[in-house]
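What's counted below: heavy atoms across the whole structure, side chains too, no hydrogens, waters or symmetry copies. Please read these numbers as outputs of a predicted model, since none were measured by experiment.
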Amino acid sequence: MSDVSSHEADHASDAGSHGHVPVDPNDAVLRAKAPSPRALLAAAVAALLTVAVLAAAAIASAQGV
């Protein structure tokens with residue numbers, strides 16, 4: 001038996017003797033939720049304002065202001 005297999009076997013025997021219950025690793029995974037329409041609107045407005053400010057800065061820079 002390889003070291004890995006014996007290690008796993010030790011854990012399996014310990015689990016039976018100590019009452020250890022294996023934990024599902026997916027229990028701690030956060031599930032994504034769809035954003036609310038209000039959040040989508042706020043993100044869209046923020047993106048448009050960012051683009052407008054960047055465009056204004058680019059135009060001002062090109063004009064040498």
Side-chain angles (χ1 to χ4, degrees):
M1 187 181 303
S2 71
D3 288 342
V4 173
S5 297
S6 64
H7 181 82
E8 291 300 323
D10 289 343
H11 279 291
S13 66
D14 287 346
S17 63
H18 298 299
H20 173 73
V21 178
V23 176
D24 183 5
N26 290 324
D27 286 345
V29 175
L30 296 176
R31 303 288 185 237
K33 292 187 264 180
S36 68
R38 182 176 288 163
L40 287 175
L41 181 63
V45 169
L48 287 173
L49 285 174
T50 301
V51 169
V53 168
L54 290 173
I59 291 170
S61 176
Q63 292 176 352
V65 174

field: Qualifying residues under side chain to side chain contact (heavy atoms under 4.5 Å, CB included), relative to V51, sequence neighbours excluded
entry: none
Partner residues of T50 under the side chain to side chain contact (heavy atoms under 4.5 Å, CB included) criterion, sequence neighbours left out: L54
- prompt: Is there a path of hydrophobic side-chain contacts, each under 4.5 Å between heavy atoms of I, L, V, M, F, W or Y residues, that connects V45 with V53?
  reply: no
